[in-house]
Amino acid sequence: MNYNSTRNSSVVVSAAQAIAQGISKEGGLFVPGQLPHYTYEDLRALKELDYVGRAQRILSDFLTDFTPEEIQESVEKAYAPEKFGGDNPAPLTLLQNNDKNMYLMELWHGPTCAFKDMALQLLPHLLTKSLQKTYAGKTAVILVATSGDTGKAALEGFKDVEGTKILVFYPEDGVSPMQKRQMNTQEGNNVSVCAIEGNFDDAQTGVKRIFTDPETAKLLEKHNMLFSSANSINWGRLLPQIVYYFSAYCDLMNTGEMDYEGEEINIVVPTGNFGNILAAYYAKEMGLPVHKLICASNSNNVLTDFIRTGTYDKNRNFYTTISPSMDILVSSNLERLLYHLTGRDDKKVSQWMKQLAETGKYTVDDDVKAKIQELFYSGYCDDQGTEQTIKMLYDTENYLCDTHTAVAVHVYDQYIAETDDKQTPTVIASTASPYKFAASVLEALTGEKSQRDEFSMVEELSAVSSTAIPQPIAQLKEKTQRFQQVCGISDMRKVVLEMLHIQ
Ligand SMILES: *Cc1c(COP(=O)(O)O)cnc(C)c1O
């Protein structure tokens with residue numbers, strides 16, 4: 001299978017090239033040239049496999065330049081039972097005390113307790129193998145700018161992966177104390193972490209500058225290294241996410257929940273960069289029986305408006321919410337959807353993306369808008385609604401969810417109110433452990449703001465809710481701080497070169 005660029009269809013690269021390169025030269029994103037199709041018979045065969053087997057089967061359709069052994073090794077290492085607390089890294093929980101038919105797909109049993117582990121545990125293996133095929137013998141240097149979750153998940157994913165080094169920059173005052181601690185205690189011989197005196201945008205701009213600096217590239221080249229990227233537009237991060245939607249459907253088939261052949265499900269996704277829900281769209285296009293894709297946003301509801309009106313407009317207030325991983329106004333992966341829905345019209349996509357860059361806004365054609373509305377339902381939920389949902393789920397279902405998942409549940413309720421579609425089995429992506437956002441979850445349950453430190457709040461949440469603290473968070477308390485460096489924005493390049501021991 002080959003991959004094309006959303007901004008130039010005549011660009012044709014292999015999977016390894018797409019993953020090693022991350023983004024196409026003219027700024028477009030790589031998309032598969034055509035999608036494999038799964039019949040109901042295929043699903044029947046898939047449901048007999050475990051998660052690792054299902055992942056192998058689906059990946060092999062997309063990574064045709066990888067050997068079966070390479071795919072097997074990557075998947076087995078990524079989803080080892082000791083990393084995800086068992087054989088199924090994406091288990092379903094049925095919520096019973098309601099008249100609906102909803103399942104939470106828990107995607108947060110990995111090493112950092114958020115769904116990004118599902119992709120970032122696998123990406124390093126796919127990336128190192130892609131580099132072997134395209135730039136053999138070189139060490140990949142991964143630079144990450146993070147506002148929290150991605151940095152830690154990338155560190156865990158790349159930790160001690162041969163042929164890679166990773167350096168994460170985060171804004172000194174822009175991440176939660178727990179996230180800071182998660183990163184500063186990171187283990188591994190190829191990892192490094194540095195806070196910067198600036199905000200997330202400064203970190204991001206600084207990383208981009210180093211990335212595109214020809215001098216630095218030459219220096220790396222001399223030492224047999226090259227920069228590579230782990231950010232969410234890399235095809236190697238999207239592909240692992242397609243697997244769990246298929247796997248959820250298989251699990252429902254196995255538990256006897258599906259009453260007839262081809263019965264459809266709804267999928268609800270709390271959305272930021274549009275990566276996770278785009279993976280669900282790909283699953284549907286590949287033949288997974290899906291009725292509606294439900295796109296849930298927080299107060300940064302640029303996607304809700306886009307899906308309802310056809311106009312994407314990022315000229316609006318930016319809100320800092322209690323679901324911070326969804327505080328995004330430019331959802332990069334949307335570009336891939338537009339490419340597919342315009343029938344691979346690279347000119348049109350380029351034009352819209354240019355308008356977005358220049359004016360912050362574009363409007364899609366009526367036929368594209370109609371297709372979007374056929375596929376997607378959209379809604380949003382503010383912080384108050386998020387807190388109420390956490391409390392309601394806990395009181396009625398005895399289920400503790402995090403702030404991002406609560407946004408999804410709230411929007412699903414809006415969908416039911418608007419459509420009365422209670423009968424379609426619905427899978428809601430649960431994207432983080434409630435313990436990752438303990439302060440907000442605790443406040444939602446008790447109605448009071450706690451003034452205590454992060455660890456006391458984690459313990460209080462456990463006591464109040466009678467749920468166990470996940471191992472990775474419990475262990476943090478005992479871990480030693482390895483990284484304390486803080487640098488100015490202008491010193492970021494120096495920090496990179498020091499970490500690599502080159503100059
Ligand atoms: C990243 C993230 C999201 C948003 O996912 P996208 O793929 O960017 O849409 C939602 N919830 C949590 C907890 C996240 O970390």
Side-chain angles (χ1 to χ4, degrees), residues 29 90 104-121 123 144-157 170 175-176 178-179 182-183 200 230-242 244-245 267-283 293-304 306-307 321-337 376 378 380-381 386 389-390 401-411 428-438 440-441 470 472-473:
L29 310 187
L104 286 177
M105 173 169 60
E106 295 177 351
L107 300 172
W108 42 261
H109 292 282
T112 77
C113 302
F115 97 96
K116 294 195 170 60
D117 289 330
M118 297 299 293
L120 278 164
Q121 283 296 313
L123 175 72
V144 181
T146 185
S147 57
D149 283 350
T150 305
K152 176 63 183 177
L155 286 163
E156 272 298 322
Y170 69 85
V175 302
S176 78
M178 186 64 84
Q179 287 173 322
Q182 274 192 312
M183 290 190 275
F200 171 65
N231 70 22
S232 82
I233 52 173
N234 192 313
W235 177 250
R237 271 190 65 181
L238 210 47
L239 178 56
Q241 300 180 354
I242 296 174
Y244 46 73
Y245 294 110
I267 295 176
V268 192
V269 185
T271 304
N273 216 7
F274 208 75
N276 205 6
I277 195 163
L278 184 72
Y281 161 79
Y282 277 124
L293 299 162
I294 299 174
C295 178
S297 301
N298 64 21
S299 293
N300 296 295
N301 57 358
V302 58
L303 283 167
T304 315
F306 172 65
I307 291 169
T321 73
I322 57 173
S323 45
S325 302
M326 296 158 70
D327 291 347
I328 289 178
L329 289 182
V330 178
S331 303
S332 323
N333 269 303
L334 188 60
E335 180 170 344
R336 286 186 161 112
L337 179 75
F376 295 89
S378 69
Y380 76 98
C381 164
T386 307
T389 306
I390 292 172
C401 78
D402 96 294
T403 49
H404 304 76
T405 308
V407 169
V409 172
H410 195 284
V411 171
I428 300 177
S430 174
T431 51
S433 158
Y435 285 92
K436 198 141 192 194
F437 300 93
S440 303
V441 174
I473 288 179

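Whatever order the structure lists them in is the order used to number ligands and atoms, beginning at 1. In this text, all values refer to a predicted model and were calculated from it rather than measured experimentally.
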With atoms numbered from 1 as shown, which atoms in ligand 1 lie under 4.0 angstrom from a non-hydrogen atom of [X]?
| X | answer |
| --- | --- |
| A432 | 13 (C) |
| P270 | 4 (C), 10 (C) |
| T271 | 9 (O) |

task: Fit a plane to each ring of H404 and F437, take the angle between them on a 0 to 90° scale, and name the class: parallel (under 30°), tilted (30 to 60°) or perpendicular (over 60°).
output: tilted

- request: Please work out which of the three classes, parallel, tilted or perpendicular, describes the rings of F274 and F376, given edges at 30° and 60°.
  value: tilted

Starting from [atom], locate the nearest protein heavy atom and write down its residue, its atom name and how far away it is, to 0.1 Å.
| atom | value |
| --- | --- |
| atom 8 (O) of ligand 1 | N273 N, 2.7 Å |
| atom 7 (O) of ligand 1 | N276 N, 2.9 Å |
| atom 3 (C) of ligand 1 | F115 CE2, 3.6 Å |
| atom 12 (C) of ligand 1 | T431 OG1, 3.5 Å |
| atom 4 (C) of ligand 1 | G272 N, 3.6 Å |

Checking contacts here: is it the side chain or the backbone of [X] that comes within 4.0 Å of ligand 1, counting heavy atoms only? Could be both or neither.
| X | result |
| --- | --- |
| F274 | backbone |
| K116 | side chain |
| D149 | side chain |

query: Based purely on interatomic distance, does G275 place a nitrogen or oxygen under 3.5 Å from a nitrogen or oxygen of ligand 1?
result: yes

task: Please round to the nearest 0.5 Å and tell me the distance separating atom CD of E156 and atom NZ of K116.
output: 15.5 Å

message: Looking at every heavy atom in both V441 and C401, which two are closest together, and how far apart are they?
response: CG2-O, 3.9 Å

statement: Tightest non-hydrogen contact, residues A429 and L107, listed as CB-CD1, 4.1 Å

message: Donor-acceptor pair, distance only, cut-off 3.5 Å: does the side chain of D117 make one with the backbone of T112?
response: yes

- request: Please confirm whether the backbone N or O of A230 pairs with a side-chain atom of R237, one donor and one acceptor, at under 3.5 Å?
  value: yes

message: For the residue pair N333 / R336, report whether a side-chain donor-acceptor contact shorter than 3.5 Å exists.
response: yes

Side-chain donor-acceptor pair present, S323, T403, cut-off under 3.5 Å: no

query: Is there a heavy atom of S232 sitting under 4.0 angstrom from any atom of ligand 1?
result: no

